[in-house]
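Written below as structure tokens is the structure these notes are about.
Please read all numbers here as calculations on a predicted model, not as lab measurements. When a residue number appears, it is its place in the shown sequence, counting from 1.
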Amino acid sequence: MAVGGGGVRQRQRGCSCAKADFFPEESFSSWSAYGRALRSTGARLADRLTSRSLESTELHEVRARSGADMKRDLTWWDLVWFGVGAVIGAGIFVLTGQEARDTAGPAVVISYVVSGVSAMLSVFCYTEFAVEIPVAGGSFAYLRVELGDFMAFVAAGNILLEYCIGGAAVARSWTSYFATLLNHHPSDFRIHASSLAPDYSELDPIAVVVIALVCVFAVVSTKGTSRFNYVLSILHIAVIIFIIVAGLTKADTANMRDFMHYGVRGIFSASAVLFFAYIGFDAVSTMAEETKNPARDIPIGLVGAMTLTTALYCVLAVTLCLMRPFGSIDADAPFSVAFADRGMDWAKYIVAFGALKGMTTVLLVSAVGQARYLTHIARTHMMPPWLAQVHPRTGTPVNATIAMLVATAVIAFFTDLGILANLLSISTLFIFMLVAVALLVRRYYVSGETTDADRNKLVACIAAILATSVATATCWGVDVKGWVPYAVTVPAWFASTACLWAFVPQARAPKLWGVPLVPWLPSASIAINVFLLGSIDSKSFMRFGIWTAALLVYYLFVGLHASYDTAKALAAESAVTAKVEEGDGKPAQGAVHDGEY
């Protein structure tokens with residue numbers, strides 16, 4: 001064992017489960033050291049709140065903490081199919097019928113367009129970051145560079161929750177469709193444990209087996225997973241094309257006459273739920289570290305995948321509504337029932353087969369993406385660094401992959417996830433909104449170059465954009481009658497964005513690929529994401545608050561002190577005598593005050 005200059009003990013080689021692999025930092029070296037760290041919590045938190053990492057740190061020093069490098073063998077072709085595989089899963093086969101029947105009517109296709117536009121705006125923001133900072137951390141790394149450690153940790157905790165719950169939901173759906181394919185009831189292959197609470201009594205061993213097999217693929221080889229993924233994705237798209245073509249032969253345009261049965265509110269309420277069908281593309285950005293040519297491959301891969309996905313979703317939605325009157329669409333198996341009622345009962349097997357293919361690719365890409373998120377978080381020591389280790393032979397983060405999929409398997413085995421469906425969308429919309437804010441900060445603020453006056457104008461404009469977006473979403477969420485409130489909030493958002501465009505000079509130009517129409521596109525992304533948040537029920541916000549509070553408890557007692565010591569170590573190793581990370585908080589006694597590093 002070697003002791004780094006900042007008090008972080010680093011294991012030079014090998015993989016074990018010793019205490020030093022999980023808590024090598026000085027603050028955890030003894031109970032007395034931990035007590036001293038806790039007494040310094042206030043000063044350390046003040047320092048971390050304004051800390052910002054440098055791109056070079058994320059690209060070199062932080063990445064080096066994994067030991068072996070990840071293999072760079074992915075191309076734009078791999079990323080397109082990873083994107084398609086990550087996004088097109090169970091959502092389109094279940095949520096379309098549910099929202100068409102109960103919320104939007106045939107206008108569900110517009111709901112998909114609204115969700116798709118929101119997702120595409122977020123894709124643009126993610127793409128610029130992934131090209132400029134091609135590391136495995138995805139949004140965690142981007143937010144750490146632009147908004148600091150604290151916001152990055154809160155965001156990362158929520159995105160990991162979304163991956164675990166989403167993966168578990170898909171795995172349980174896999175079991176249901178598998179049972180349907182074999183002419184069984186969807187719950188026939190689950191075990192009922194009457195001694196457990198109702199929401200946890202339907203045990204699903206098949207979901208656990210599926211997750212275990214996905215784990216094996218994910219840890220063996222990223223390139224091998226990619227090949228398997230795009231073979232399955234091509235088969236899945238072939239099934240979707242069959243559904244569209246066969247369904248349109250049974251179309252009845254009379255079913256579309258009452259197009260906006262539930263009105264505009266129904267369209268946007270459905271959009272908030274259908275956003276779940278687009279979750280997953282952010283996993284592709286975590287693969288930037290394994291991409292051969294990020295500047296070319298990432299824009300083509302991400303934008304291409306989202307364009308193809310949105311087009312397929314819209315056509316599928318139109319096909320379903322043409323086949324059946326929206327009021328009689330089945331909420332659980334809309335396409336299968338629609339084909340059966342139109343005299344094509346045999347087609348339900350093709351639909352179930354396609355759904356299984358789609359859910360398998362979603363699980364594969366989620367396994368790859370969530371492990372890379374956790375790997376980069378662990379590289380910063382906000383999570384135990386044991387999780388950051390990359391296997392030298394496979395070039396994959398084995399420990400992080402297994403840890404995330406074990407958590408997913410436990411949830412999938414016990415939990416009925418219906419009560420958490422909206423929580424998936426709320427956490428993702430929150431992350432996407434933060435990434436758009438981070439892009440504005442990136443373009444308009446460079447430490448040491450931007451003047452105080454321009455910085456203050458930037459803060460004021462971003463605050464105004466957020467405030468007007470929240471005001472619009474609040475009016476919508478509480479169902480304010482009339483158009484007057486929106487005639488105030490929407491022009492105010494436009495004026496805030498126009499002020500940023502006109503009065504604050506951009507401090508940085510993208511080196512390789514940049515989002516067009518800045519600040520308008522990022523500002524629109526903020527507004528749409530916040531607006532969709534306003535369409536989600538209050539109980540989901542309560543669950544979101546509870547999870548975020550749990551994250552803060554972990555951060556204050558563990559993550560804060562581990563990341564603080566790691567920043568000190570980096571400062572000592574770099575022989576930096578000034579701040580290590582940018583911030584105005586005063587350091588604890590005997591500590592290096594962290595600034596930009």
Let me confirm one number: the [atom1]-[atom2] distance from [X] to [Y], rounded to the nearest 0.5 Å.
| X | Y | atom1 | atom2 | result |
| --- | --- | --- | --- | --- |
| Leu560 | Asp565 | CG | CG | 9.5 Å |
| Phe432 | Asn529 | CZ | CG | 7.5 Å |
| Thr408 | Leu363 | OG1 | CG | 9.0 Å |
| Leu274 | Ser115 | CG | OG | 5.5 Å |
| Leu551 | Phe153 | CG | CZ | 5.5 Å |
| Leu147 | Leu49 | CG | CG | 12.5 Å |

Taking [X] for the side chain and [Y] for the main chain, is one N or O donor matched with an acceptor at less than 3.5 Å?
| X | Y | value |
| --- | --- | --- |
| Arg48 | His561 | no |
| Tyr34 | Phe557 | yes |
| Arg172 | Ala412 | yes |
| Glu26 | Ala33 | no |
| Asp47 | Ala43 | no |

So, for [X] and [Y], which heavy atoms are closest and what is the spacing to 0.1 Å?
| X | Y | value |
| --- | --- | --- |
| Leu512 | Glu132 | N-OE2, 3.1 Å |
| Ala367 | Thr401 | O-CG2, 4.5 Å |
| Cys164 | Ile411 | CB-CD1, 4.1 Å |
| Cys125 | Leu439 | SG-CD2, 3.8 Å |
| Ile528 | Ser118 | CG2-CB, 3.4 Å |
| Trp547 | Gly157 | NE1-O, 3.2 Å |

Answer whether the closest heavy-atom distance between the side chains of [X] and [Y] falls below 4.5 Å.
| X | Y | value |
| --- | --- | --- |
| Val459 | Asn456 | no |
| Leu160 | Ile377 | yes |
| Tyr444 | Pro519 | yes |
| Pro510 | Arg443 | yes |
| Met382 | Thr566 | no |
| Leu79 | Leu302 | no |
| Arg442 | Glu128 | yes |

Would you call Arg455 and Asp452 a salt bridge, using N to O less than 4.0 angstrom?
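Counted as a salt bridge, because a side-chain N and a carboxylate O are separated by less than 4.0 Å.
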Give a yes or no on whether a salt bridge exists between Arg508 and Glu449, defined as a side-chain N under 4.0 angstrom from a carboxylate O.
no
Please work out whether the ring planes of Tyr142 and Phe129 are parallel, tilted or perpendicular, with thresholds of 30° and 60°.
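Rings of Tyr142 and Phe129: parallel, as their planes differ by under 30°.
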Using the six-membered ring wherever Trp is involved, compare the ring planes of Phe150 and Tyr555 and label them parallel, tilted or perpendicular (cut-offs 30° and 60°).
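Rings of Phe150 and Tyr555: perpendicular, over 60°.
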Of Thr375, Asn399, Leu374, the residue whose pairing with Met404 passes side-chain contact (heavy atoms from CB on, under 4.5 Å)
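For Met404, the side-chain contact (heavy atoms from CB on, under 4.5 Å) test succeeds with only one of Thr375, Asn399, Leu374, which is Leu374.
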Run the side-chain contact (heavy atoms from CB on, under 4.5 Å) check on Val515 and Thr127 step by step: do they pass?
CA-CA 8 Å; Val515 175; Thr127 300; over 6 Å; no
Apply the test side-chain contact (heavy atoms from CB on, under 4.5 Å) to residues Val441 and Ile462: give CA-CA distance (whole Å), side-chain angles for both, the deciding distance (0.1 Å), then the verdict.
CA-CA 9 Å; Val441 173; Ile462 291 178; 4.0 Å; yes
Run the side chain to side chain donor-acceptor pair (under 3.5 Å) check on Asp149 and Thr380 step by step: do they pass?
CA-CA 9 Å; Asp149 274 13; Thr380 68; over 6 Å; no
Under a 3.5 Å threshold, yes or no: a donor from one side chain and an acceptor from the other, between Glu25 and His381?
yes
Report yes or no: do Arg44 and Ser27 form a side-chain donor-acceptor pair below 3.5 Å?
yes
N/O donor to acceptor pairs below 3.5 angstrom from side-chain atoms of residues 204-217, sequence neighbours left out:
from: Asp204; atom 1: OD1; to: Thr175; atom 2: OG1; distance (Å): 2.9
from: Asp204; atom 1: OD1; to: Ile206; atom 2: N; distance (Å): 3.4
from: Asp204; atom 1: OD1; to: Ala207; atom 2: N; distance (Å): 3.1
from: Asp204; atom 1: OD2; to: Thr175; atom 2: OG1; distance (Å): 3.2
from: Asp204; atom 1: OD2; to: Arg190; atom 2: NE; distance (Å): 2.9

